Q: 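The structure is given below, and queries will be raised subsequently.
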Amino acid sequence: MGCRGLIVAPYDACLTHLPEPSRATYLARLAPDSEIDHSGTTFTGDLLQRLLRALGDPNSGQLLVSHARFEAATFCDTADFGGVAFTDVWFDGAVFSGDAVFRGASFAGNAGFRSATFEGSAGFSRAVFSRAADFGGAVFALDARFDNAAFADAAFMGAAFSGDAWFGAATFSRDAHFDHATFAEASFRRARFSGNAGFGGAAFSGRALFDNAVFSGGASLRGAVFSGDAAFGGAHFVGHTRFGAATFSRSADFRGVTFAGDAWFGVVTFSGSVWFSSATLVGNARFDATTFSGKAAFHGTTFSGDARFVGAEFSDSADFSGAICSGEAAFSGATFSGDAVFGAATFSDGALFNGATFKTLSQLGPLVCQGQLDLSGAHFGRPVTIEAATAFLTCVRTRWDSTATLRLRYATVDLTDAVMEYPLSVATRPSAFTYDRRPVDESGLAGADPSARITSLSGVDAAHLALTDLDLSACRFTGTFHLDQLRLEGRCDFAAAPAGLHRHGASPVRWTQRRTLAEEHHWRAATGSTA
């Protein structure tokens with residue numbers, strides 16, 4: 001195959017094949033601001049150094065390359081561009097057969113490495129790219145070091161890193177695109193992304209390390225594949241963050257991460273353990289239809305916005321103990337196959353578990369919910385104790401397949417059409433809950449009556465129901481089955497008879513002191529009856 005090197009004017013050969021006298025003459029004419037084009041040329045290490053020295057500043061000794069094209073060039077030996085100051089340079093399609101050394105190099109203009117092949121190691125540590133750096137489709141066969149490098153716009157779309165890729169403490173002052181790039185082991189520890197960071201569809205076959213990285217713009221990792229461990233501990237996401245449809249085959253560590261904007265983890269697959277312990281999610285958090293096959297740890301996590309886990313599947317334990325949610329928390333339709341730990345969790349708004357399935361859960365809570373704790377349509381497959389301090393507890397069509405105990409404070413409870421096949425006990429807990437030997441914070445409900453009350457038992461089979469220390473003054477019993485078998489223990493208050501006098505024939509008499517059902521009051525109000 002013939003030489004592909006660009007012919008050096010006014011000669012008739014490329015730089016490699018020029019006779020030595022002609023080559024020497026050409027090199028002697030070069031100056032730091034010379035424009036050169038050696039596309040397709042094959043360079044030995046010695047020839048490259050002669051070219052770079054010819055472009056150097058004779059006063060400072062600085063190697064300067066103003067405007068250069070090395071497109072499709074081949075560098076047979078070590079290509080040492082360390083410390084070179086480039087303006088515009090293009091290495092698109094170039095092949096570096098040996099090591100490529102760009103340590104400390106600076107690129108004042110555009111730097112093109114699109115589809116370049118680095119067969120040896122690639123060293124860009126502390127390199128400075130002041131304008132666009134394009135490594136799209138580049139192939140790195142061995143290690144690639146970009147640690148402490150500084151980028152403006154950076155494009156690594158579709159790049160392939162077969163060795164270790166090091167971007168530790170690198171800075172990206174504008175947008176960084178790694179979409180559909182492939183990595184073996186990658187480190188972006190302490191990297192700083194000031195613009196948008198795109199890793200959509202990227203694949204990490206080894207470890208992916210983003211510990212303490214800062215994402216000041218938006219970050220998109222939609223559809224990314226993490227086959228090894230993924231570490232984001234201590235990272236800070238300022239803008240919106242998208243992990244939608246990403247896959248984590250091993251562990252994923254988000255401990256102590258801050259998401260200042262919205263965080264989307266919808267339809268994500270976590271096959272290994274995942275930790276969000278002590279993480280802070282300031283915006284809305286979405287984990288809808290997410291699959292947690294390993295342990296899911298949200299211990300001490302703070303959700304300042306809404307937290308959505310609608311349709312999520314937890315195959316192992318799910319730990320939300322001590323979690324704080326200021327917005328609405330939605331676990332509607334979620335499936336918990338292992339333990340679900342919500343001890344000392346607090347919900348400032350509603351906590352929705354409607355339609356959720358708890359296959360083996362034995363303890364839910366103690367938790368605090370200032371709004372509605374909704375267990376409507378939820379299904380409990382094993383004996384369970386539910387402990388909650390909540391303003392409202394809705395158990396419409398809730399199903400218990402085994403024994404259950406509800407210990408409640410402050411709660412107004414609706415048990416309409418609840419299904420119980422085994423004994424169910426509902427009771428007011430007289431004292432504040434504790435968890436892990438510490439009091440559970442009920443300050444959000446302070447000032448309200450701490451006793452629990454039931455508003456409806458309509459449609460319930462009361463044969464297995466025991467009520468203790470509850471306010472039943474507003475409870476509807478219409479449609480309750482086996483009401484004669486209902487067990488009342490402790491002090492259960494019913495509505496009192498109307499106060500004052502009423503007529504019995506011509507004479508005024510006082511109402512008989514007795515306990516009444518709420519239906520009687522509803523009937524009298526509807527008919528206007530005083531008899």
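Quick note: residue numbers are just sequence positions, from 1. Because the structure is predicted, anything quoted here is derived from the model rather than measured.
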Q: Would you check, one step at a time, whether the test side chain to side chain contact (heavy atoms under 4.5 Å, CB included) holds for Leu352 with Glu328?
A: CA-CA 8 Å; Leu352 312 180; Glu328 185 179 75; 3.6 Å; yes
Q: What are the two closest heavy atoms between Ala245 and Val268, and how far apart are they?
A: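 So the minimum-distance heavy-atom pair works out to N-CG2, 3.9 Å.
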Q: Side chain to side chain contact (heavy atoms under 4.5 Å, CB included) between Thr241 and Phe215: does it pass, once the steps are laid out?
A: CA-CA 9 Å; Thr241 306; Phe215 298 83; over 6 Å; no
Q: Can you sort out the partners of Phe232 under ring-ring contact (aromatic ring centres under 6.0 Å, His included), two or more places apart, ordered by chain and number?
A: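 Here the qualifying residues are Phe210, Phe243, Phe254.
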Q: At their closest point, which heavy atom of Phe199 faces which heavy atom of Asp179, and how far apart are they?
A: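 Taking every non-hydrogen atom into account, N-OD1, 4.0 Å.
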Q: Ignoring hydrogens and geometry beyond distance, is a side-chain donor-acceptor pair present between Thr394 and Ser376 at under 3.5 Å?
A: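 The answer is no; no qualifying pair exists.
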Q: With rounding to the nearest 0.5 angstrom, report the CG to NE2 distance, Asp175 to His177.
A: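 Reported to 0.5 Å precision, the distance equals 4.5 Å.
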Q: CG/Asp143 to CZ/Phe161 distance, rounded to the nearest 0.5 angstrom?
A: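 With rounding to 0.5 Å, CG (Asp143) is 11.5 Å from CZ (Phe161).
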Q: Between Asp153 and Arg174, does the side chain to side chain contact (heavy atoms under 4.5 Å, CB included) criterion hold? Intermediate values first, please.
A: CA-CA 5 Å; Asp153 283 312; Arg174 299 184 68 180; 3.3 Å; yes
Q: Name all residues meeting the ring-ring contact (aromatic ring centres under 6.0 Å, His included) criterion together with Trp166; count only those two or more places apart in sequence or in a different chain, and write none if there are none.
A: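 Expected list: none.
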Q: For Asp436 and Arg438, what are the C-alpha separation, side-chain angles and deciding distance, and is it a salt bridge (charged side-chain N to carboxylate O under 4.0 Å, His left out)?
A: CA-CA 5 Å; Asp436 198 20; Arg438 297 179 181 179; 5.4 Å; no
Q: How would you list, by chain and number, every residue that makes a ring-ring contact (aromatic ring centres under 6.0 Å, His included) with Phe320, sequence neighbours excluded?
A: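 Here the qualifying residues are Phe298, Phe309, Phe331, Phe342.
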Q: How long is the gap from CZ on Arg429 to OG1 on Thr468, to the nearest 0.5 Å?
A: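 With rounding to 0.5 Å, CZ (Arg429) is 14.0 Å from OG1 (Thr468).
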Q: Can you run down the ring pair (Phe, Tyr, Trp, His ring centres under 6.0 Å) pairs that involve residues 410-441, sequence neighbours left out, and say none if there aren't any?
A: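 Listed by first then second residue: nothing to list.
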Q: So which heavy atom on Arg207 is nearest to which on Glu185, and how close?
A: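 Minimum heavy-atom separation between Arg207 and Glu185: NH2-OE2, 2.6 Å.
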Q: Under the side chain to side chain contact (heavy atoms under 4.5 Å, CB included) rule, what do Leu445 and Val368 come out as? Steps first, then yes or no, please.
A: CA-CA 9 Å; Leu445 294 165; Val368 178; 4.2 Å; yes
Q: What residues form a side-chain contact (heavy atoms from CB on, under 4.5 Å) with Asp471, not counting sequence neighbours?
A: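 Here the qualifying residues are Arg453, Ser473, Asp493.
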Q: Measure the CG-OG1 distance between Asp441 and Thr346 for me, rounded to the nearest 0.5 Å.
A: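 The OG1 atom of Thr346 is 7.0 Å from CG of Asp441, to the nearest 0.5 Å.
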Q: So, taking the atom named CZ in Phe259 and the one named OG1 in Thr301, what distance separates them when rounded to the nearest 0.5 Å?
A: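 Phe259 CZ to Thr301 OG1: 10.0 Å, rounded to 0.5 Å.
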Q: Could you pull out the closest heavy-atom pair between Val440 and Pro366, with the gap in Å?
A: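 Minimum heavy-atom contact is CG2-CG, 4.1 Å.
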Q: Taking all atoms of both residues into account, what is the closest heavy-atom pair of Thr428 and Pro450, and its distance?
A: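 Scanning both residues completely, I find the closest heavy atoms to be CG2-O, 4.2 Å.
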Q: I need the Asn354 CG to Asp374 CG distance, nearest 0.5 Å.
A: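 The CG atom of Asn354 sits 4.5 Å away from the CG atom of Asp374.
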Q: If you compare all heavy atoms of Leu415 against all heavy atoms of Val460, which two are closest, and at what distance to 0.1 Å?
A: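 That would be O-CG2, 3.0 Å.
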Q: Checking Pro430 now: which residues fulfil side-chain contact (heavy atoms from CB on, under 4.5 Å) with it, not counting sequence neighbours?
A: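 In terms of side-chain contact (heavy atoms from CB on, under 4.5 Å), with neighbours along the sequence ignored, Pro430 is linked to no residue.
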Q: For residues Trp275 and His299, establish whether the separation of their ring centroids is below 6.0 Å.
A: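 No, they do not, as the ring centres are separated by 6.0 Å or more.
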Q: Name the residue from Phe167, Phe146, Phe156 that meets the ring-ring contact (aromatic ring centres under 6.0 Å, His included) definition with Phe188.
A: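 Result for ring-ring contact (aromatic ring centres under 6.0 Å, His included) with Phe188: Phe167.
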